[in-house]
Amino acid sequence: MRAPHGLRRVLLESFVRDLNAGLTGRLEVEALRVRREQLLRKELQAQVNAAGGAATEARVASWAERLRGTPDGVLYPRPGRPADTRFAGLRRALPLGPQQSAAIDEACRSLGVNSFTFFSAVFAAVVARHTGSSRALLGTPVLSRRTLGSYELCGLFLNTLPLIVDVDWELPFDVYATQAVARETAEVKRDAHVPWLKIVRELRPDRSSSRNAIFSCMIAMQDTTAVDAGAPVRSVREHGNGTAKVDLWLGVTPTPHGWLLELEHDQRLLPAPIVDGIQDSLLGAVAQAAREPRTVLRELFHDASAAQSVQTDGYWRQPPTDTLSGWLEQAVRSYGSATAVDDGDTRLDYAALEAQVGQAASGLRALDVSAGDVVGLTTDQLVETIVAMLAVVRVGAAYLPLDLSLPADRLAYMATKADCRLVIGGGAVTGARVVPLAELAELAELSAIDPDPPGPGAGTAEQPIYVMFTSGSTGAPKGVLMGDGPLLNLTAWQVAALGLGPDTRFLQYAPLGFDVSFQEIIPTLVAGGTVVSRGLADRRDLASVVRRVEDAAVTHLYLPVAALRAFAGSAAEAGVGFDRVRVVCVSGEQLILDSQTRAFFAARPHLRLVNLYGPTETHAVTTHVLSGTGDWPTHVPIGHPITGTSAQVVDRTGHLAPPGVVGELLLGGRCPAEGYVNDPEQTATRFVPDPYGDGPRPVRYRTGDQVLWDETGTLVFLGRNDDQIKIRGYRVELGEIESSALELLPVRHAVAAVRGDAAGRHILLFVVPGNGAEPVESDAARRALSAALPSYMVPGAVLTVAGIPKTVNGKVDRAQLLTDADRLIGAQHGVAASGAEPVSDPTLRWLEQLWGQHLGREQIDPDASLLDLGAHSLMALAVVATIELERGVRVPLLDFFRSPTLRFLAGAIGGAQ
């Protein structure tokens with residue numbers, strides 16, 4: 001058994017020797033006292049001498065500089081992770097046994113490293129895996145004795161220094177250990193005299209938390225516990241004392257029976273299930289590194305349990321047919337006089353719906369629409385929209401929502417990319433024929449085509465159902481082609497999970513171009529329920545939506561996360577109890593609950609809040625339900641996968657991640673779309689083989705979202721690993737905005753960035769003018785971009801900068817750009833960021849503070865357009881709801897958009913009061 005060089009016979013052997021002498025009456029106390037006092041004085045003077053001088057100060061500065069560039073990784077970085085700790089710890093003993101210990105010793109010999117380097121190398125890789133990093137920062141105690149005589153002394157002659165290890169996952173372990181790690185351990189040994197306290201003083205870390213301010217993980221090589229045979233002291237063991245000085249501590253001790261590993265963890269910061277995963281990683285990596293030192297670092301680890309990925313919520317209703325199109329057609333023909341669609345003044349029963357769908361399908365066949373074709377929809381009335389959707393599906397084609405408010409060029413691109421040559425509805429779409437729904441009925445009457453038989457290929461599991469476009473990083477949107485199979489699975493889950501039936505009245509709130517619209521319409525119809533329109537309520541006017549929900553006896557509704565708070569506030573202000581509403585679904589971005597929203601649901605305990613997650617490429621795949629009056633979290637998890645799907649968290653090593661480890665979420669099973677329409681290259685990039693899947697098409701979709709499994713086995717969303725964001729529930733690629741700016745504006749660099757949270761989230765665009773060009777005028781730039789981009793992608797402001805700052809890694813420093821945003825916006829409006837004239841009117845001052853919370857600004861010109869400063873419709877909804885709640889004044893949203901200034905709002909409040 002090889003103990004770490006220089007650490008043997010440090011503490012325990014001298015202590016045990018004295019203890020044995022005392023127990024046998026041979027301890028000469030007075031003689032030892034005099035000698036050891038002399039030895040101690042020598043040692044202390046030697047340490048004082050070593051700690052001073054210019055060379056030591058230079059090493060202190062060097063260590064501090066390295067640590068500034070090495071942020072400590074966080075184990076189990078879940079939202080709401082406690083900033084402070086009570087230091088309550090638990091210690092686990094992990095004896096390795098003689099055979100494995102011998103393999104470790106042999107690996108050390110063959111590599112030419114000591115055991116400290118070997119175990120530090122393994123532990124650094126484990127910490128890097130579990131912090132989701134490519135660098136590990138470990139604290140380690142190092143022997144700081146400077147005199148030979150000090151080895152007779154029993155005492156803690158130790159210093160603490162950091163081990164900073166770069167973990168290249170593609171390196172073989174032997175290269176990594178003998179080069180990267182051996183270099184670091186040698187440096188630590190060389191600098192054992194450099195006082196840790198001096199490094200800390202030079203570094204000046206943030207001490208706002210009770211946790212260790214510099215490192216959260218530590219490795220300690222312990223002294224041997226071997227004892228002399230026949231001596232009074234038979235065995236030695238250091239026990240934990242129920243505390244944890246750092247988040248995670250690894251002790252490594254050579255014992256007569258082999259190596260002993262001990263893990264001590266902070267119970268508050270690292271619950272037992274999280275430490276179980278760390279333990280599995282550690283033991284597996286130690287064994288693999290000892291068995292085969294040439295193993296590539298990522299392959300030191302193995303997959304966590306694949307069973308976690310398919311631990312679903314359990315809801316399911318067996319469909320009566322093998323296809324969604326068949327189930328839908330059967331349902332429409334079965335419910336007869338029951339109301340299928342309630343469009344305010346118009347109600348359509350299932351019999352009438354079936355007749356109209358049959359006519360429209362015949363009209364489509366008369367126009368030679370067949371299986372696999374794509375048909376656009378620009379209808380603006382709910383009844384027409386549903387008839388057109390069902391008719392397209394019935395002939396085996398896919399429907400493509402086309403929003404006529406989008407720029408004409410974007411609509412033309414979408415239609416061309418999807419090979420869409422026919423559009424049902426109104427308006428104009430370049431390159432496609434637009435046919436009103438009524439004309440399809442006329443064509444059906446003139447033709448001899450039977451409306452009942454499905455088209456060739458219709459009603460199969462491979463049938464496409466819809467194409468929906470999302471923002472694309474290449475500068476052009478991507479069309480997602482969703483097939484029958486995944487949507488059949490989603491519908492079967494939703495009917496069961498949301499309790500849909502003939503008494504269901506589901507509000508149709510989402511634009512048709514949101515995949516949520518499918519969930520509002522199709523599962524409701526197959527269950528024999530009623531799809532309820534918004535009537536005359538504008539989507540942005542949530543007070544009107546609240547009244548529609550109440551008046552129309554809605555039982556289920558689906559809102560974007562960004563609208564939930566304003567919706568709840570409007571309902572609370574109106575005193576609406578929603579006695580008939582049973583389920584409120586939300587999706588689109590991370591759900592954050594504030595006290596107002598919690599209070600809304602607490603006052604209505606019969607409501608279930610269902611948080612759903614899923615990109616357009618897969619539809620909704622995970623779900624987390626909140627109900628009753630319990631303790632609802634602020635950061636709501638995204639939960640568990642629905643039946644028939646899988647949610648795989650893949651970490652930095654490429655393996656299924658243990659609990660608590662951040663990784664990319666990949667979605668498999670019966671949920672991935674067919675791919676991006678007419679874009680095989682992009683499809684191959686994001687839709688990848690699923691090694692854990694089965695069936696005829698084992699594919700999983702790479703979401704780019706960062707998640708982790710928490711200690712209860714629930715998925716928690718953390719953010720993205722790229723530049724894709726959500727604005728007002730829409731998915732936005734910052735690269736598409738930047739690409740459009742470079743094409744449309746006289747600039748040579750363009751960087752889009754987002755700031756604010758929830759409803760206050762908005763986009764800013766920073767541009768560097770072209771050579772010799774004047775600074776870009778924000779309003780003109782926004783108008784140019786609005787001709788090419790949807791409104792939700794148009795930046796709130798376009799800001800001219802001299803250059804684009806970069807991080808130390810050479811990446812665009814968006815954080816620095818956002819730091820300068822207020823100054824740039826203030827200069828744009830002739831208001832100095834630090835010297836603006838303060839607002840004196842109390843109402844204006846209150847409005848300035850209110851808007852400032854959403855816009856991330858301290859001062860706002862009362863006459864500046866809030867829309868130019870980054871405000872958008874959902875943000876305005878939230879502010880208008882707050883004005884009504886706190887000032888008792890209802891400001892019509894459309895009036896605000898006509899005059900979006902603080903002064904207008906102050907006048908509206910003053911006039912009403």
message: Is it the case that the side chain of T645 and the backbone of G668 share a donor-acceptor pair, with hydrogens and angles ignored and the cut-off at 3.5 Å?
response: no

query: Ignoring hydrogens and geometry, is there a side-chain-to-backbone donor-acceptor pair from T185 to V181 under 3.5 Å?
result: yes

message: So F119 and I219, do their side chains get closer than 4.5 Å, heavy atoms only?
response: yes

task: Return yes when atom CG of D694 has more than 12 non-hydrogen atoms of other residues, nucleotides or ligands closer than 6.0 Å, and no otherwise.
output: no

- line: Shortest non-hydrogen pair, P82 vs L269, comes out as O-CD2, 3.6 Å

message: Can you tell me how far apart CG (L203) and CD1 (I214) are? Round to the nearest 0.5 Å.
response: 5.0 Å

message: A side-chain contact here means heavy atoms from C-beta on lying under 4.5 Å apart; do V74 and R81 qualify?
response: yes

- request: Considering non-hydrogen atoms only, spot the tightest contact between T255 and G258 and give its length.
  value: OG1-O, 2.5 Å

- request: Can you see which heavy atom on P637 is nearest to which on V716, and at what distance?
  value: CB-CG2, 4.3 Å

- line: Residues N159 and H193: closest non-hydrogen pair is ND2-C, 4.4 Å

- request: For the residue pair L90 and H265, establish whether any side-chain heavy-atom pair is separated by less than 4.5 Å.
  value: yes

message: Any salt bridge linking D174 with R294? Criterion: basic side-chain nitrogen under 4.0 Å from a carboxylate oxygen.
response: no

query: Who pairs with W249 by ring pair (Phe, Tyr, Trp, His ring centres under 6.0 Å), at least two apart in sequence or on another chain?
result: none

message: Does R702 have more than 12 heavy atoms from other residues, nucleotides or ligands lying within 6.0 Å of its CZ?
response: no

message: Using 0.5 Å steps for rounding, measure from the CG atom of L708 to the CD1 atom of I274.
response: 7.5 Å

field: side chain to side chain contact (heavy atoms under 4.5 Å, CB included) assessment of V246 paired with D266
entry: CA-CA 7 Å; V246 291; D266 188 303; over 6 Å; no

Please list every donor-acceptor pair under 3.5 Å in which a side-chain atom of residues 655-662 meets a protein atom from a residue at least two apart or in another chain.
unit_1: H655; atom_1: ND1; unit_2: T653; atom_2: O; d: 3.3
unit_1: H655; atom_1: ND1; unit_2: T653; atom_2: OG1; d: 2.8
unit_1: H655; atom_1: NE2; unit_2: F301; atom_2: O; d: 3.2

field: Separation of D168 CG from R298 CZ (nearest 0.5 Å)
entry: 9.0 Å

task: Would you check if the side chain of E262 reaches a backbone N or O of T253 as a donor-acceptor pair within less than 3.5 Å?
output: no

- prompt: Between R700 and S646, is any pair of side-chain heavy atoms under 4.5 Å apart?
  reply: no

- prompt: How long is the span from the CH2 atom in W259 to the OG atom in S115, to the nearest 0.5 Å?
  reply: 3.5 Å

message: Quick one, E187 and R66 - any side-chain contact, counting heavy atoms below 4.5 Å?
response: yes

query: So do the side chains of L263 and L94 get within less than 4.5 Å of each other, counting heavy atoms only?
result: yes

Test log, rule side chain to side chain contact (heavy atoms under 4.5 Å, CB included), inputs L75 and C217: CA-CA 9 Å; L75 293 168; C217 298; 3.5 Å; yes

query: At their closest point, which heavy atom of T117 faces which heavy atom of A177, and how far apart are they?
result: CG2-O, 3.6 Å

query: With no hydrogens and no angle check, is any side-chain donor or acceptor of H624 less than 3.5 Å from a backbone partner on L715?
result: no

- prompt: Is the centre of the F118 ring less than 6.0 Å from the centre of the F173 ring?
  reply: yes

- prompt: Salt bridge check: are R686 and E681 linked by an N-O gap of less than 4.0 Å?
  reply: no

- prompt: Going from CD1 on I642 to CG on N489, what distance comes out if it is rounded to the nearest 0.5 angstrom?
  reply: 5.5 Å

- prompt: Just checking, any donor-acceptor pair under 3.5 angstrom between side chains of Q682 and Y676?
  reply: no

message: Test: side chain to side chain donor-acceptor pair (under 3.5 Å). Region: residues 268-277. Which pairs qualify, not counting sequence neighbours?
response: R92-D276

- prompt: Going by an N to O cut-off under 4.0 Å, is there a salt bridge joining D191 and R59?
  reply: yes

- request: Could you tell me whether a side-chain N or O of T643 sits under 3.5 Å from a main-chain N or O of W316, the two making a donor and an acceptor?
  value: no

- prompt: Would you find a donor on one side and an acceptor on the other, under 3.5 Å apart, between the side chain of T622 and the backbone of I638?
  reply: yes

message: I'd like to know whether E664 forms a side chain to side chain contact (heavy atoms under 4.5 Å, CB included) with V649, so could you lay out the CA-CA distance, the side-chain angles of the two residues, the decisive distance to 0.1 Å, and finally the verdict.
response: CA-CA 6 Å; E664 182 183 2; V649 183; over 6 Å; no

task: Scan side-chain atoms only and decide if Q288 and T295 contain a donor-acceptor pair under the 3.5 Å cut-off.
output: yes

message: Is there a side chain to side chain contact (heavy atoms under 4.5 Å, CB included) between D710 and Y76? Walk through the geometry before answering.
response: CA-CA 8 Å; D710 71 10; Y76 192 26; 3.1 Å; yes

task: Compare all side-chain heavy atoms of V165 with those of R135 and state whether any distance is below 4.5 angstrom.
output: no

statement: When every non-hydrogen atom of S281 is compared with those of H130, the smallest separation belongs to OG-NE2, 2.8 Å

message: Quick one about T623 and D313 (side-chain donor to acceptor, distance below 3.5 Å, no hydrogens or angles considered), yes or no?
response: no

field: Distance (rounded to the nearest 0.5 Å) between F687 CZ and E674 CD
entry: 9.0 Å

message: For R86, is the CZ atom crowded, meaning more than 12 foreign heavy atoms sit under 6.0 Å from it?
response: no

message: Tell me whether the rings of Y613 and F717 are parallel (<30°), tilted (30 to 60°) or perpendicular (>60°).
response: tilted

message: Among L300, L297, D166, which residue satisfies the side-chain contact (heavy atoms from CB on, under 4.5 Å) criterion with Y176?
response: L297

R291 and Q100, any side-chain heavy atoms less than 4.5 Å apart: no

